[in-house]
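Counting from 1, the numbers follow the sequence of the chain as shown.
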Amino acid sequence: AAGLFDLVEDVLKETVLSDNYLSMDESYYTVLTSDTNNSSGKSTAKGYIWAALANHLKLVHFFYENGSRSRKILTGYLREDYRGAIQSDGLGNYKIIEKEAYPDAIRLSCFQHCKRKFLNITGNKDAEKIVRIINRLYQNEHRIPPDWTARQILDYRNKYAPPILKELKEELINIKKQKVDFTPKSELSKAINYTLNEYDALCNYIRSADYAPDNNAIERLMRYISLSRRNSLFCGSHQGAKRTALIYSLACS
């Protein structure tokens with residue numbers, strides 16, 4: 001069965017890459033590897049399973065390349081002539097999408113990743129203020145009627161969102177300037193710097209009615225990998241992890 005599944009992977013990849021709106025993420029899995037220093041000849045390593053979700057086609061491709069999380073796995077997967085949007089978290093590897101290497105692609109970031117960083121700072125009025133501003137974006141999104149056309153949604157977003165996005169950036173900068181106890185290693189500092197670094201990519205969701213303000217769609221699918229990691233404990237080899245990823249691709253698709 002695994003051999004037959006292998007024949008499907010290239011077709012699945014090409015089909016996913018034909019979608020002009022992808023969501024991407026990655027999560028680790030424990031993998032058994034050969035270890036000559038161990039009497040059993042085996043040790044465990046943290047290997048990363050990547051995922052690309054075709055948002056229009058509703059297909060997901062989980063892929064694994066010897067457990068690596070390096071940028072070359074992303075650039076090896078995503079062709080330079082890709083035309084469309086790729087949504088991700090703020091992992092530095094995804095920043096390449098914003099460079100000249102991908103002239104026809106744009107990157108969308110994730111408001112939920114930013115919001116979560118501020119929610120984790122309890123009892124801080126500045127963090128609570130930023131959460132309230134982000135919540136206003138979502139409150140407006142929830143008011144969109146299900147029968148609206150793409151043109152109506154786009155017009156609405158371009159009306160309500162720019163003032164809120166501008167306020168968000170101004171508040172982040174003001175907090176950063178005015179805090180006497182603001183240190184680079186503080187949780188508030190990390191949350192603000194993360195959000196400011198992602199700001200342009202966060203704003204890109206208003207460029208199309210299809211785009212979401214967050215990467216929740218792919219994160220929901222990555223939970224299956226997390227659940228399997230807890231239940232299965234490990235994959236028996238790099239090849240086993242590669243085939244695990246493919247089987248999850250077919251099951252979740």
Next item on the list: State, with a plain yes or no, whether a side-chain heavy atom of Tyr77 is found less than 4.5 Å away from one of His61.
Entry: yes

Checklist line | Which residues share a side chain to side chain contact (heavy atoms under 4.5 Å, CB included) with Ala54, sequence neighbours left out | finding: Val16, Asp19, Leu22, Leu57

Margin query: I'd like to know if Lys242 pairs up with Glu65 as an ion pair, taking the criterion as any Lys NZ or Arg NE/NH1/NH2 lying under 4.0 Å from an Asp or Glu carboxylate oxygen.
Written below: yes

Check: Between atom CG of Leu17 and atom CZ of Arg83, what is the distance when rounded to the nearest 0.5 Å?
Finding: 14.5 Å

Item checked: Ionic contact status for Asp214 with Lys115, cut-off 4.0 Å -> no

Margin query: Any salt bridge linking Arg116 with Glu187? Criterion: basic side-chain nitrogen under 4.0 Å from a carboxylate oxygen.
Written below: no

Check: Given side chains that start at C-beta, do those of Met24 and Leu74 come closer than 4.5 Å, heavy atoms only?
Finding: yes

Notebook entry, point to check: Considering only heavy atoms from C-beta outward, does the side chain of Asp25 approach that of Asp89 to under 4.5 Å?
Noted result: yes

Check: What's in the same ILVMFWY side-chain cluster as Ile225, cut-off under 4.5 Å, chained through other members?
Finding: Tyr29, Val31, Ile49, Leu53, Val60, Phe62, Tyr64, Ile218, Leu221, Met222, Tyr224, Tyr248

Check: With sequence neighbours excluded, what pairs up with Arg79 under the side chain to side chain donor-acceptor pair (under 3.5 Å) test?
Finding: Glu14, Asp81

Margin query: Check for me, please, whether Phe111 and Tyr156 land in the same ILVMFWY cluster - side-chain distances under 4.5 Å, paths through other members count.
Written below: yes

Next item on the list: Tell me whether the centres of the aromatic rings in His113 and Tyr194 are closer together than 6.0 Å.
Entry: no

Check: Roughly how far, to the nearest 0.5 Å, is the SG atom of Cys252 from the CZ atom of Arg223?
Finding: 12.5 Å

Notebook entry, point to check: What pairs with Phe234 under ring pair (Phe, Tyr, Trp, His ring centres under 6.0 Å), at least two apart in sequence or on another chain?
Noted result: none

Could you list the donor-acceptor pairs under 3.5 angstrom formed by side chains in residues 143-154, with sequence neighbours left out?
from: Arg143; atom 1: NH1; to: Asn140; atom 2: OD1; distance (Å): 3.3
from: Thr149; atom 1: OG1; to: Gln152; atom 2: N; distance (Å): 3.2
from: Thr149; atom 1: OG1; to: Gln152; atom 2: OE1; distance (Å): 3.4
from: Arg151; atom 1: NE; to: Asp155; atom 2: OD1; distance (Å): 3.2
from: Arg151; atom 1: NH2; to: Asp155; atom 2: OD1; distance (Å): 2.9
from: Gln152; atom 1: OE1; to: Thr149; atom 2: N; distance (Å): 2.9

Notebook entry, point to check: Does any non-hydrogen side-chain atom of Leu12 lie less than 4.5 Å from one of Glu9?
Noted result: no

Next item on the list: Indicate whether any N or O donor in one side chain lies under 3.5 Å from an N or O acceptor in the other, for Thr44 and Thr30.
Entry: no

Next item on the list: Please say whether the positively charged group of Arg107, taken as NZ for Lys or CZ for Arg, lies over the ring of Tyr94, i.e. under 6.0 angstrom from the six-membered ring centre and within 45 degrees of the axis.
Entry: no

Item checked: Salt bridge flag under 4.0 Å for residues Lys95 and Glu198 -> yes

Margin query: Please report the interatomic distance CD(Glu170) to CD1(Ile175), rounded to the nearest 0.5 Å.
Written below: 12.0 Å

Notebook entry, point to check: Counting N and O atoms only, with roles assigned by atom type, does the side chain of Gln87 sit under 3.5 Å from a partner on the main chain of Leu108, one being a donor and the other an acceptor?
Noted result: no

Notebook entry, point to check: Do Arg229 and Ser27 meet the criterion of a side-chain donor-acceptor pair at a distance under 3.5 Å?
Noted result: yes

Item checked: Side-chain H-bond candidate by donor/acceptor type, Tyr160 with Gln139, under 3.5 Å -> no

Notebook entry, point to check: Would Phe118 end up clustered with Leu202 when hydrophobic side chains under 4.5 Å apart are linked, directly or stepwise?
Noted result: yes

Notebook entry, point to check: Got a sec, which residues hit side chain to side chain donor-acceptor pair (under 3.5 Å) with Ser70, two or more places apart in sequence or on another chain?
Noted result: Ser68

Margin query: Just so I know, are the side chains of His56 and Tyr21 near enough to count as touching, which here means a heavy-atom distance under 4.5 Å?
Written below: yes

Check: Centroid-to-centroid, Tyr102 to Tyr82, below 6.0 Å?
Finding: no

Margin query: For the backbone of Arg69 and the side chain of Asn93, can you confirm whether one donor and one acceptor N or O come within less than 3.5 Å of each other?
Written below: yes

